[in-house]
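Contents: one structure, followed by commentary.
One is the number of the first residue; the rest follow in order along the sequence. Values in this document were obtained by computation on a predicted structure and should not be read as measured data.
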Amino acid sequence: MSNYHIKTVEEYHQAYRRSVQDPESFWGEIARENFVWQKPWDTVLNWDFTKPEVSWFEGAQLNITENCIDRHLPTRGDKTAILFEPNDPSEAAQKITYREMYARVCQFANVLRDMEVQKGDRVCIYLPMIPELAISVLACARIGAIHSVVFAGFSATALSTRINDCDCKMVITSDGSFRGNKTIDLKGIVDEALENCDGVEKVLVAKRVHSEVTMKEGRDHWLQPLLDVASEDCIPEVMNAEDPLFILYTSGSTGMPKGMVHSTAGYMVYTAYTFKNVFQYEEEDIYWCTADIGWITGHSYIVYGPLANGATTVIFEGVPTYPDWGRFWQIVEKHKITQFYTAPTAIRALAKQDIGFVEKYDLSSLKVLGTVGEPINEEAWHWYDDNIGKGNSPIVDTWWQTETGGIMISPIPFVTPTIPTFATLPLPGIQPCLMDESGNELTATRASGRLCIKFPWPAMARTIWGNHQRYKNTYFSIFDNKYFTGDGALRDNTGNYRITGRVDDVIIVSGHNLGTAPIEDAVDEHPAVAESAIVGFPHDVKGNALYGYVILKEMGESRDHTNLRKEINQLITERIGPIAKLDKIQFTSGLPKTRSGKIMRRILRKIAAGDSENLGDISTLLNPEVVADIKKNVI
Ligand code: WTA
């Protein structure tokens, strides 16, 4: 067990060294000693980054839900697995024990089997942050169905694209969702999406808001009556180590969102191991991650990682602003939260409010604070450290991605040092490197370049659903024999990493990855728009916000630009979701282009950031004259 839980800096260095020198025995031992397997593996690792093909624990058989639930029953049956905190603070919190989880997951799994969902079938889950979300995820895993959770803030169009891409035969949703003082008509969104999804045979609907919804005869079924008559035992499907566990979509710099495919055994081992160490989870702790299960952070560090460790994990339905800006801290006090994991954008927004919202509550239960999703600036880091951690709770700035499945670079609290704005050191098993633009590895300790990973780790995504070539092109073709992250980073002279941000056309807004291409496509759908280009610009709460340069078909004076801006954002909301709305829209007569017709986003980014003095040489552009015009009219 010593191998599993790192408690001293010597143990960290020892584990790290071993994970590099002998990765197979390192991971083999962790996997053997800390999980239940129906059949052991033949080989720990097979890999070839040129194809790319990676398999971990080949030959093994298991079911991840036995590891997340069944095996805890003898020792933790009455322990709370999920602590549900509703949107409305006056509604009682719910504690679901491991024993109750077992029954509820089995019942749900039996409902899925009754509806002829089989191993390998794809099931789309479009639910708010209610217990049914985690339970349906686990129910899919129980029977070997591949879940594809779509964040319930995405629009009908975004939902239908994701349903069709991986050909889901079922959608699990609810009548609606509560968010702050709003009620959202989720079922209506699903109905609209399904007008374009012929492959969906069944829709299961959980009741949450008790609104009137239309139920389509034969297709739509209320969930609860089916659960009520289902058996509380369900034999888990036997899964091969490399069988897909789930698909989760993430934005690319171009084209369709990418359905990242994660497999079973490696993902389980790695998320459990990193959860234990990065949060230094102990048996009595109450762990809360504020992410939505619709993102990878929720998959790995609300559901699978915590439950595999027999932890108590909080599911919070609401928002940080309701009923007021003290909500997070009220929950910390109420449930005596020990680990609190959130996004820098939330910290920046909370830091702007009256400190009275923090001071009102007793936060002394906290031991570890975490951040994820985007770089954290120094000011926000210190605010978090001083006001929330009171200088006593180390901050784990965790760098990772949907593609990596689990945390890759992070401090280990009380073990390795924290440094403001640095994700610091790679976790055992992770071999990062920095590359220059011509593909050479930067070997000096102190360096700055493109962040790559040289060696496979158990939780890495195995492919993009239906498009292995795109997986290869995006991640394994830019630098030979290395996984390219899309991020830039610098390494200090003691080997600590600081992530500097995306080096591609992905923009991270409030911690959400957005590709520019689909947003531009939405803008271009407006009948008045001829062409558009979208870039990010620094924003003090969101990290980045979106700036749109839009060429109209007719630039006439008569058009009401206020309305036009609203219409454009409305289109974006419909096509993608409100998270992709543009903060600023500048109407322009042209966009700077290279002679081969490529938009020079570098120039647009600088102008949007208010840095239009140092645009470099623009004389080689196809149309250098538009630059002055754009500079003059910047918003
Ligand atoms: C960014 C979220 C700086 C990064 C788990 C990465 C970060 C992208 C950090 C992945 C961090 C994530 N510091 N940047 N601690 N964590 N990022 O797929 O650009 O939603 O490539 O996964 O977020 O976002 P994703």
Kindly indicate whether the side chain of Ile376, heavy atoms from C-beta on, has any atom under 4.5 Å from the side chain of Phe422.
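The answer is no, as the side chains (C-beta and beyond) never meet within the 4.5 Å cut-off.
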* Asked: Is there a donor-acceptor pair closer than 3.5 Å between any side-chain N or O of Glu574 and the backbone N or O of Asn569?
  ->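 No, Glu574 side chain to Asn569 backbone: no donor-acceptor pair under 3.5 Å.
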| task | Using the side chain to side chain contact (heavy atoms under 4.5 Å, CB included) rule, take Leu369 and Val396 through it: C-alpha gap first, then chi angles, then the decisive distance, then the call. | result | CA-CA 6 Å; Leu369 301 176; Val396 291; over 6 Å; no
Is the distance from the ring center of Phe340 to that of Tyr287 below 6.0 Å?
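Distance test on ring centres: not under 6.0 Å, no.
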Ring centres of His262 and His299 under 6.0 Å apart?
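Centroid distance His262-His299: not below 6.0 Å, so no.
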Tell me if the NZ atom of Lys336 is crowded by more than 12 foreign heavy atoms within 6.0 Å.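 No, NZ of Lys336 has 12 or fewer neighbouring heavy atoms, counting only those of other groups under 6.0 Å.
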NZ/Lys182: more than 12 non-hydrogen atoms of other groups inside 6.0 Å:
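Counting other residues, nucleotides and ligands, NZ of Lys182 stays at 12 neighbours or fewer.
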[X]-[Y] side chain donor-acceptor pair, cut-off 3.5 Å:
X      : Y      : answer
Ser300 : Thr271 : no
Arg502 : Asn513 : no
Lys258 : Tyr475 : yes
Asp505 : Thr516 : no
Arg491 : Tyr497 : yes
Asn493 : Thr445 : no

Give a yes or no on whether a salt bridge exists between [X] and [Y], defined as a side-chain N under 4.0 angstrom from a carboxylate O.
X      : Y      : result
Asp492 : Arg446 : no
Glu85  : Arg327 : yes
Asp611 : Arg605 : no
Lys631 : Glu613 : no

Using the side-chain hydrogen bond (donor to acceptor under 3.5 Å, both in side chains) criterion, which residues pair with [X]? Sequence neighbours excluded.
X      : answer
Asp324 : none
Glu91  : Arg208
Asp88  : Ser90
Tyr384 : none

**Report entry** Between OG1 on residue Thr297 and CD1 on residue Ile302, distance to nearest 0.5 Å
**Finding:**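 If we round to the nearest 0.5 Å, Thr297:OG1 and Ile302:CD1 are 8.0 Å apart.
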Interatomic spacing from OG1 in Thr80 to CD1 in Ile96 - rounded to 0.5 Å:
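Atom-to-atom, Thr80:OG1 and Ile96:CD1 are 9.0 Å apart.
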For this session: Just jot down the ring pair (Phe, Tyr, Trp, His ring centres under 6.0 Å) partners of Trp295, sequence neighbours excluded, or say none.
Result: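 For Trp295, the residues satisfying ring pair (Phe, Tyr, Trp, His ring centres under 6.0 Å) (neighbours in sequence not counted) are Phe151, Phe154, His512.
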### Query
Pairs in or reaching into residues 391-417: which pass ring pair (Phe, Tyr, Trp, His ring centres under 6.0 Å), with residues at least two apart or in two chains?
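Every pair satisfying ring pair (Phe, Tyr, Trp, His ring centres under 6.0 Å) with a residue in residues 391-417: Tyr301-Trp400.
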Report task. Of all the heavy-atom pairs spanning Pro411 and Pro417, show the shortest one and how long it is. Result ->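 Pro411 and Pro417 have their closest heavy atoms at CB-O, 3.9 Å.
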task: Pick out which of Phe275, Phe279, Trp288 makes a ring pair (Phe, Tyr, Trp, His ring centres under 6.0 Å) with Tyr341.
output: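 Testing Tyr341 for a ring pair (Phe, Tyr, Trp, His ring centres under 6.0 Å) against Phe275, Phe279, Trp288 leaves exactly one candidate, Phe279.
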- prompt: Does the pair Val634 and Ser612 meet the rule for a side chain to side chain contact (heavy atoms under 4.5 Å, CB included), with working shown?
  reply: CA-CA 10 Å; Val634 68; Ser612 54; over 6 Å; no
